[in-house]
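Here is the structure we will look at, set down as structure tokens.
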Amino acid sequence: IATNDMIRIGDWITMEKYGADGDVEEINLATVKVRNFDRTITTIPTYSFISDSFRNWRGMEESNGRRIKRAIKIQVSSVNFASDQLIDDLKKMDVLSDFIAKRQTEIAKYNEERGFVGENAINGRQQTNLGLFRKYVQYYLEKKEEINTDMTLIVRQLEPTEYGIPLEIYCFSRSKEWNIYEGIVADIFDHLFSVLELFELAAFERPTGKDLKESMSK
């Protein structure tokens, strides 16, 4: 363990097999003592750190940021081509105005050169509300001071499932402190859930008993 620098006193480790999630306090030949975040103490056989898997968060603590990797699941039925009215409304957003103007010019030129106008317009390129939302999320994160833009920042669409279309955020917060980190993540998703409706999108939710009752009463 010492030769490979696997754990040190003060490291935050997670070892699900033993229910350990906290800081290493003691390392002996026979046991390793971990004080969990709920202030309980877990004693783990030292050989388990060689024979079993565990997670050491030291790399994150020594890096320039803490990873945020979470997705919003978009309801498939809410995804549509962006109407002229929606595009005009979204142009009023500072973060999107330049992008939309440039994108609309590119699309109009592309469609005109290939004859995708009038009745053939459906075959041409068009913007979607989900595509615009994805670009909005990217710009929003890039302008957010709490996000370290020198590290990886990706907003990507994952494979659709029975729970909708996952739109995943992958980036790093500047702060690595747990309480500050959780606040940053909460602020980001509070904001994104609030603006979803502006893009005529809806988050996926399973029907509740109340939804079923209302459906049956109609």
Side-chain angles (χ1 to χ4, degrees), residues 64-108 110-111 121-122 124-212 214-215:
N64 294 322
R66 183 169 179 179
R67 187 182 73 173
I68 298 172
K69 184 172 183 276
R70 191 175 295 184
I72 294 179
K73 295 180 175 64
I74 304 296
Q75 189 169 310
V76 178
S77 60
S78 69
V79 179
N80 289 294
F81 291 123
S83 65
D84 292 339
Q85 182 61 55
L86 176 60
I87 289 175
D88 288 340
D89 291 341
L90 295 179
K91 278 182 180 178
K92 299 173 184 177
M93 295 183 176
D94 290 339
V95 293
L96 280 180
S97 57
D98 290 342
F99 168 77
I100 290 177
K102 180 180 178 182
R103 192 67 170 167
Q104 285 295 95
T105 301
E106 292 175 354
I107 290 175
Y110 176 91
N111 290 341
I122 190 63
R125 294 168 62 183
Q126 299 185 55
Q127 299 202 75
T128 65
N129 55 351
L130 180 55
L132 289 169
F133 179 65
R134 177 168 52 82
K135 186 58 66 173
Y136 171 83
V137 175
Q138 180 180 332
Y139 288 153
Y140 168 74
L141 293 173
E142 288 175 352
K143 292 179 179 294
K144 195 168 179 62
E145 293 181 357
E146 295 87 347
I147 299 301
N148 189 342
T149 54
D150 293 329
M151 302 180 74
T152 304
L153 194 162
I154 299 174
V155 181
R156 60 176 182 165
Q157 186 183 134
L158 303 181
E159 183 177 353
T161 70
E162 67 270 27
Y163 303 111
I165 303 173
L167 188 70
E168 184 183 76
I169 289 173
Y170 189 106
C171 61
F172 291 82
S173 67
R174 293 186 184 278
S175 176
K176 294 166 282 184
E177 292 184 33
W178 193 1
N179 59 331
I180 298 176
Y181 166 83
E182 292 294 347
I184 293 171
V185 175
D187 286 345
I188 289 172
F189 282 86
D190 285 350
H191 177 82
L192 297 183
F193 280 118
S194 298
V195 300
L196 262 181
E197 190 174 337
L198 300 179
F199 290 82
E200 299 177 357
L201 291 167
F204 175 86
E205 288 184 294
R206 282 184 173 179
T208 64
K210 181 180 178 181
D211 295 328
L212 296 175
E214 291 178 351
S215 177

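Nearest approach of L198 to L86, heavy atoms of both residues: O-CD1, 3.3 Å. Taking each heavy atom of T128 and G131 in turn, the nearest pair found is OG1-N, 2.9 Å. Here the closest non-hydrogen pair linking G65 and M151 is N-SD, 3.7 Å. Residues N111 and G124 share a closest heavy-atom pair of OD1-CA, 3.3 Å. Considering every non-hydrogen atom in both K91 and S97, the closest pair reads O-CB, 3.1 Å. When all heavy atoms of L96 and L90 are compared, the closest pair comes out as CB-O, 3.9 Å.
Going from atom CG of L158 over to atom NZ of K73 covers 9.0 Å, rounded to the nearest 0.5 Å. Rounding to the nearest 0.5 angstrom, the gap separating the OG atom in S83 from the CG atom in D89 is 7.5 Å. Between the CZ atom in R125 and the OH atom in Y110 there is a gap of 6.0 Å [rounded to 0.5 Å]. Here the straight-line distance linking atom CZ of R134 with atom CD1 of I72 works out to 13.5 Å at 0.5 Å rounding. To the nearest 0.5 angstrom, Q85 atom CD is 6.0 Å from D88 atom CG. To the nearest 0.5 angstrom, I147 atom CD1 is 8.5 Å from I169 atom CD1.
Of the possible donor and acceptor atoms, one in the side chain of Y181 sits under 3.5 Å from a partner among the backbone N and O of R67. Distance alone, capped at 3.5 Å, places no donor-acceptor pair between the N148 side chain and the S173 backbone. Side-chain atoms of N129 come within 3.5 Å of backbone N or O of S78 as a donor-acceptor pair.
At a threshold of 4.5 Å between non-hydrogen side-chain atoms, the residues Q127 and I100 count as touching. Between F204 and V76 there is no side-chain heavy-atom pair separated by less than 4.5 Å.
By the neighbour-count criterion of 12 heavy atoms within 6.0 Å, atom CD of E182 is densely surrounded, having more than that number from other residues, nucleotides or ligands. Within 6.0 Å of CG on N179 lie more than 12 heavy atoms contributed by other residues, nucleotides or ligands. Heavy atoms of other residues, nucleotides or ligands lying less than 6.0 angstrom from CD of E106 number more than 12. Residue E145 qualifies as open at atom CD: its count of foreign heavy atoms under 6.0 Å is 12 or below. Heavy atoms of other residues, nucleotides or ligands lying less than 6.0 angstrom from NZ of K144 number more than 12.
For K143 and Y139, the positive end is not near the middle of the six-membered ring at less than 6.0 Å and at most 45° from its axis. Cation-pi check for R70 over F189 is met; the charged atom lies under 6.0 angstrom from the ring centroid and within 45 degrees of its normal.
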Evaluation steps, side-chain contact (heavy atoms from CB on, under 4.5 Å), between K102 and D98: CA-CA 6 Å; K102 180 180 178 182; D98 290 342; over 6 Å; no
Derivation of the side-chain contact (heavy atoms from CB on, under 4.5 Å) call for E159 and I165: CA-CA 7 Å; E159 183 177 353; I165 303 173; over 6 Å; no
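For E205 and Q75, the side-chain atoms include no donor-acceptor pair closer than 3.5 Å.
Between F199 and Y136, the angle of the ring planes lies from 30° to 60°, which puts this pair in the tilted group.
At a threshold of 4.0 Å, the pair R174-E146 does not count as salt-bridged, since none of the basic side-chain nitrogens sits closer than that to a carboxylate oxygen.
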